[in-house]
Amino acid sequence: MVGEEILRRRCREVTEFGTVELARLIDDMFATNQVAEGAGLAANQVDVDLQLFVWDITDEWGVRHVGHIANPVLEEVSADGRRLVEEPEGCLSVPGPYRVVPRLDRAVVRGLDKDGNPLVIEGGGYFARCLQHEIDHLHGHLYLDRLAQKERKAALREMQDSQGKVFARRAAAAKRLGK
């Protein structure tokens, strides 16, 4: 969650491919993302210092995108082939608040799969937003960093308020159950 040091530093490159450990990590990340009902999940969000993320989302055109990528590099998209879109964005590491964040409507990402094979992933719309968001994580950035200071503080207050309400509901339920 926001405040954890690992979310604020650039992750290390993946150097060992085709291992059982890497495959297990990717499977665990997919399971965590599914339980959290996320669109994507970066390794540092599960306390692993590696340039790796997974995604499982359905875009605005009804197309499901599922995959993983290691050592991703976001390619520059030509100015005539892109536009900036301002849409609400949230994050599993910042539970609760959504804020409008400008992102490019197209993204091309190069990297490697779990076996070290080259990958080129291209996405538009919501999928492009997801790819850019997850790469930000691997560079030590949260979507909050793209907000003005006043908006960032408001989002953090909203997150704290919503977390406080969750804890209060859990405590009340535990009290009712006699725990």
Side-chain angles (χ1 to χ4, degrees), residues 1-11 25-70 72-74 77 82-109 111 121-170:
M1 294 225 341
V2 66
E4 296 289 330
E5 190 271 331
I6 194 167
L7 293 176
R8 290 312 200 172
R9 67 176 186 255
R10 187 177 181 93
C11 295
L25 172 60
I26 291 167
D27 288 345
D28 288 349
M29 289 173 64
F30 272 117
T32 301
N33 188 56
Q34 182 178 21
V35 167
E37 298 179 358
L41 187 70
N44 58 349
Q45 290 181 279
V46 292
D47 204 28
V48 176
D49 184 18
L50 288 176
Q51 291 184 24
L52 173 72
F53 70 87
V54 300
W55 64 88
D56 186 349
I57 69 168
T58 301
D59 65 24
E60 56 267 52
W61 301 284
V63 177
R64 185 173 180 207
H65 303 270
V66 180
H68 70 275
I69 194 165
V73 175
L74 186 61
V77 178
R82 68 176 189 218
R83 65 184 175 95
L84 200 59
V85 177
E86 295 186 5
E87 295 280 338
E89 192 168 311
C91 180
L92 296 175
S93 294
V94 186
Y98 280 73
R99 291 296 186 272
V100 172
V101 177
R103 299 267 188 196
L104 295 177
D105 68 336
R106 278 192 55 235
V108 177
V109 180
I121 308 298
E122 187 168 349
Y126 182 50
F127 185 38
R129 178 171 294 277
C130 175
L131 294 170
Q132 293 167 82
H133 178 105
E134 299 308 328
I135 287 175
D136 273 0
H137 273 301
L138 302 181
H139 293 167
H141 303 291
L142 297 170
Y143 85 92
L144 297 173
D145 301 328
R146 295 183 175 272
L147 303 175
Q149 183 177 357
K150 184 177 179 181
E151 191 68 15
R152 182 172 40 253
K153 285 182 179 181
L156 288 170
R157 273 193 308 276
E158 184 180 325
M159 182 193 85
Q160 289 171 340
D161 290 348
S162 69
Q163 291 299 304
K165 289 174 187 172
V166 167
F167 291 128
R169 283 193 302 269
R170 288 181 183 161

Under the salt bridge (Lys or Arg N to Asp or Glu O under 4.0 Å) rule, collect the residues that match up with [X], sequence neighbours excluded.
X     : answer
Asp27 : none
Arg10 : none
Glu86 : none
Arg82 : Glu76

Worksheet entry | Where at least one partner belongs to residues 52-62, residue pairs that pass salt bridge (Lys or Arg N to Asp or Glu O under 4.0 Å), sequence neighbours excluded |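 Sorted result for residues 52-62: Asp56-Arg64.
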
Discussion item. Filter on salt bridge (Lys or Arg N to Asp or Glu O under 4.0 Å), then keep only pairs touching residues 29-45, sequence neighbours left out; what's left?
Written reply: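 Those involving residues 29-45 do not exist here.
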
Sub-4.5 Å side-chain heavy-atom contact between [X] and [Y]:
X      : Y     : answer
Leu25  : Leu50 : yes
Cys91  : Gln45 : yes
Arg9   : Asp49 : yes
Met29  : Leu52 : yes
Ile121 : Trp55 : yes

To the closest 0.5 Å, what do you measure between [atom1] ([X]) and [atom2] ([Y])?
X      : Y      : atom1 : atom2 : value
Leu41  : Ile26  : CG    : CD1   : 12.0 Å
Phe127 : Asp105 : CZ    : CG    : 14.0 Å
Leu138 : Gln51  : CG    : CD    : 6.0 Å

Among residues at least two apart in sequence or on other chains, which ones pass side-chain hydrogen bond (donor to acceptor under 3.5 Å, both in side chains) with [X]?
X      : value
Glu151 : Arg99
Glu122 : Arg106
Asp145 : Arg8

Could you pull out the closest heavy-atom pair between [X] and [Y], with the gap in Å?
X      : Y      : value
Leu144 : Ala155 : CD2-CB, 3.7 Å
Ile57  : Tyr126 : CD1-CD2, 3.8 Å
Pro72  : Phe53  : CG-CE2, 3.7 Å

Fill in: Partner residues of Leu74 under the side-chain contact (heavy atoms from CB on, under 4.5 Å) criterion, sequence neighbours left out
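Once residues adjacent in sequence are excluded, the partners of Leu74 under the side-chain contact (heavy atoms from CB on, under 4.5 Å) criterion are Ala107, Val109, Gln132, Ile135.
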
Worksheet item: For Arg146, which residues count as a side-chain contact (heavy atoms from CB on, under 4.5 Å) partner, sequence neighbours excluded?
Response: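 side-chain contact (heavy atoms from CB on, under 4.5 Å) list for Arg146, sorted by chain: Val101, Arg103, Asp136.
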
Fill in: Verdict with supporting geometry, Leu92 and Asn33, side chain to side chain contact (heavy atoms under 4.5 Å, CB included)
CA-CA 9 Å; Leu92 296 175; Asn33 188 56; 4.0 Å; yes

Discussion item. Regarding Glu89 and Arg129, does a basic nitrogen lie under 4.0 Å from an acidic carboxylate oxygen?
Written reply: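 Result for this pair is yes, salt bridge flagged.
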
Worksheet item: Tell me the ring-ring contact (aromatic ring centres under 6.0 Å, His included) pairs involving residues 132-159, sequence neighbours left out?
Response: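 ring-ring contact (aromatic ring centres under 6.0 Å, His included) check on residues 132-159 returns His133-His137.
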
